[in-house]
Amino acid sequence: MKTVTINKASQTDLPSIAKLANDIWREHYTPIIGSEQVEYMLKKYQSVSAMAEQISDGTFYYSVLLDGTLVGYLSFYPKDGALFLSKIYVSSSLRGKGIGRQAMEFVIEQAKTMGFAKIQLTVNKYNSGSIEAYKRMGFKTVDEVVVDIGGGFVMDDYVMDLFLNEQK
Ligand SMILES: CC(C)(COP(=O)(O)OP(=O)(O)OC[C@H]1O[C@@H](n2cnc3c(N)ncnc32)[C@H](O)[C@@H]1OP(=O)(O)O)[C@@H](O)C(=O)NCCC(=O)NCCS
């Protein structure tokens, strides 16, 4: 049985996370939003400098390791009285094996420790596999939102909530 560990990311971890983000996003999002938007969003949100700025503004980044190898990452921050799960990604070849669920359990524990009763996330409306995974993990679609992210692009998302007091 391989061991999943989740470690708070420091500045020195950001280059490997940025590289993993490039690989995952290019593969996963190109069919959904097209390569121009993928490159725009990678630069704006997942470059080393962008992530360092997010961290200094209050976002928490974590590396997801399988037997010590980086296989995913996640980030969250407090927003409107909830924990907003901004990113959760697992390498494509390792999906469907329970790593995402373990990562989510970690996020749930963090949310509880921080005193939040709700985790919220947004997910692209056409990211159907991930929407199904979130539903399996107990999230419910509560809204939809279109956000202008500049460069002529929008994020066309569902808003999904997980209420921690409804958890078994
Ligand atoms: C979403 C993601 C993080 C889930 O991680 P994962 O390691 O694949 O998830 P798990 O294997 O722990 O699966 C968790 C549950 O979701 C279900 N699930 C996972 N992927 C699924 C899919 N594509 N379709 C339907 N159900 C799915 C699993 O069956 C499991 O349910 P169960 O435990 O009740 O049997 C991962 O699939 C991913 O990185 N996706 C691509 C990137 C992405 O879109 N991230 C989210 C951005 S908003």
Side-chain angles (χ1 to χ4, degrees), residues 1-7 9 13 16-35 37-47 50-51 54 59-77 79-80 82-111 118-147 149 153-164 166-168:
M1 179 93 180
K2 295 192 170 185
T3 310
V4 175
T5 46
I6 297 173
N7 290 345
D13 299 314
S16 345
I17 293 176
K19 188 185 173 309
L20 183 65
N22 283 347
D23 293 345
I24 293 176
W25 282 48
R26 285 178 182 141
E27 188 201 28
H28 189 75
Y29 284 124
T30 302
I32 301 176
I33 55 176
S35 62
Q37 184 164 350
V38 169
E39 296 309 317
Y40 176 83
M41 291 180 72
L42 279 172
K43 193 169 171 204
K44 188 175 169 88
Y45 301 116
Q46 303 287 249
S47 65
M51 288 189 284
Q54 290 158 32
T59 297
F60 300 87
Y61 265 88
Y62 287 85
S63 305
V64 179
L65 306 159
L66 187 66
D67 279 355
T69 301
L70 183 70
V71 298
Y73 68 101
L74 60 89
S75 73
F76 54 75
Y77 55 86
K79 183 188 171 195
D80 301 334
L83 191 81
F84 187 78
L85 179 56
S86 176
K87 311 274 182 306
I88 182 164
Y89 293 97
V90 173
S91 287
S92 60
S93 62
L94 293 164
R95 285 179 203 148
K97 298 176 189 292
I99 298 171
R101 189 178 273 281
Q102 283 193 58
M104 190 63 80
E105 276 160 15
F106 171 80
V107 175
I108 289 167
E109 285 315 308
Q110 292 293 306
K118 184 174 90 172
I119 297 173
Q120 185 166 81
L121 58 81
T122 54
V123 57
N124 185 285
K125 282 180 191 163
Y126 304 97
N127 193 356
S128 45
S130 302
I131 293 169
E132 283 312 308
Y134 292 141
K135 286 182 180 165
R136 296 285 303 179
M137 297 188 223
F139 281 81
K140 293 193 171 62
T141 304
V142 294
D143 204 355
E144 39 186 83
V145 62
V146 179
V147 180
I149 54 168
F153 300 113
V154 295
M155 293 199 303
D156 187 11
D157 290 343
Y158 289 124
V159 180
M160 300 185 82
D161 283 353
L162 176 70
F163 286 93
L164 302 180
E166 289 175 8
Q167 290 233 292
K168 286 177 213 117

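Basis for what follows: all heavy atoms, side chains included, without hydrogens, waters or symmetry-related copies. As the structure lists them, so they are numbered: ligands from 1, and atoms in each ligand from 1. Here the structure is a predicted model, which means the values were calculated and not measured.
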Where ligand 1 meets Ile88 - atom numbers and elements under 4.0 angstrom, heavy-atom basis
3 (C), 45 (N), 46 (C)
For atom 26 (N) of ligand 1, the closest protein heavy atom turns out to be Glu132 CB, 3.9 Å
Is ligand 1 less than 4.0 angstrom away from at least one heavy atom of Ile24?
no
How are the rings of Tyr62 and Phe76 set relative to one another: parallel (under 30°), tilted (30 to 60°) or perpendicular (over 60°)?
parallel
Examine His28 against ligand 1 and note whether any of their N/O atoms are separated by less than 3.5 Å.
yes
CD1 on Ile24 to OG on Ser92, rounded to 0.5 Å
7.5 Å
Near Tyr89 (heavy-atom distance under 4.0 Å), the atoms of ligand 1 are 39 (O), 42 (C), 43 (C), 45 (N), 47 (C)
Please state which protein non-hydrogen atom is closest to atom 36 (C) of ligand 1 and give its distance, to 0.1 Å?
Arg95 CD, 3.6 Å
Verify, without hydrogens or angle tests, whether Arg136 (side chain) and Ile131 (backbone) share a donor-acceptor contact under 3.5 angstrom.
no
Ignoring angles and geometry beyond distance, decide whether Val123 reaches within less than 3.5 Å of ligand 1 through its nitrogen or oxygen atoms.
no
Taking Tyr40 for its side chain and Ile149 for its backbone only, find out whether a donor-acceptor pair lies under 3.5 Å.
yes
Quick one: look up the protein heavy atom nearest atom 20 (N) of ligand 1 and list residue, atom name and how far away it is.
Ala133 CB, 3.8 Å
Protein contact of atom 32 (P) of ligand 1 - nearest heavy atom, named by residue and atom, plus distance
Arg101 NH2, 3.5 Å
Report the part of Tyr158 in contact with ligand 1, treating N, CA, C, O as backbone and CB onward as side chain, heavy atoms under 4.0 Å; options are side chain, backbone, both, neither.
neither
Can you find a side-chain donor-acceptor pair between Tyr89 and Gln46 that sits under 3.5 Å?
no
Using a 4.0 Å cut-off to any heavy atom of Asn127, which atoms of ligand 1 qualify?
43 (C), 44 (O)
Side chains of Ser16 and Asp13: is there a donor and an acceptor less than 3.5 Å apart?
no
Validate the cation-pi geometry between Lys87 and Tyr45: distance from NZ or CZ to the six-membered ring centre under 6.0 Å, angle to the ring axis within 45°.
yes
Mark whether atom 12 (O) of ligand 1 lies under 4.0 angstrom from at least one protein heavy atom.
yes
Among all protein heavy atoms, pick out the one at the shortest distance from atom 14 (C) of ligand 1; state its residue, atom name and that distance to 0.1 Å.
Met137 CE, 3.8 Å
What is the nearest protein non-hydrogen atom to atom 35 (O) of ligand 1, stated with its residue, atom name and distance?
Arg136 NH2, 3.6 Å
As a test of the contact definition, would atom 45 (N) of ligand 1 count as having a protein heavy-atom neighbour under 4.0 Å?
yes
Which of the numbered atoms in ligand 1 are below 4.0 angstrom from a heavy atom of Thr122?
48 (S)
Under a 4.0 angstrom heavy-atom cut-off, which atoms of ligand 1 come close to Gly96?
6 (P), 7 (O), 8 (O), 11 (O)
Quick check for you: to the nearest 0.5 Å, what is the distance between Gln54 atom CD and Ser86 atom OG?
6.5 Å
Would a 4.5 Å heavy-atom cut-off, applied to side chains only, mark Glu144 and Asp157 as touching?
no
Tell me the protein heavy atom at minimum distance from atom 22 (C) of ligand 1, and give that distance in Å.
Gly129 O, 3.4 Å
Heavy-atom nearest pair, Leu42 first then Ala21, reads CD2-O, 3.7 Å
Donor-acceptor under 3.5 Å (Glu39 side chain, Arg26 main chain)
no
Subset of ligand 1 atoms that lie under 4.0 Å from at least one heavy atom of Gly98
10 (P), 11 (O), 12 (O)
Please determine whether a side-chain nitrogen of the Lys or Arg among Asp161 and Lys140 lies less than 4.0 Å from a carboxylate oxygen of the Asp or Glu.
no
Right, does atom 28 (C) of ligand 1 have protein non-hydrogen atoms nearer than 4.0 Å?
no
Proximal ligand 1 atoms for Tyr29, defined as those under 4.0 Å from one of its heavy atoms
44 (O), 47 (C)
Shortest protein heavy-atom distance from atom 5 (O) of ligand 1, along with the residue and atom involved
Gly100 CA, 3.3 Å
Please check: side-chain N/O of Ser47 versus main-chain N/O of Ala50, any donor-acceptor pairing under 3.5 Å?
yes
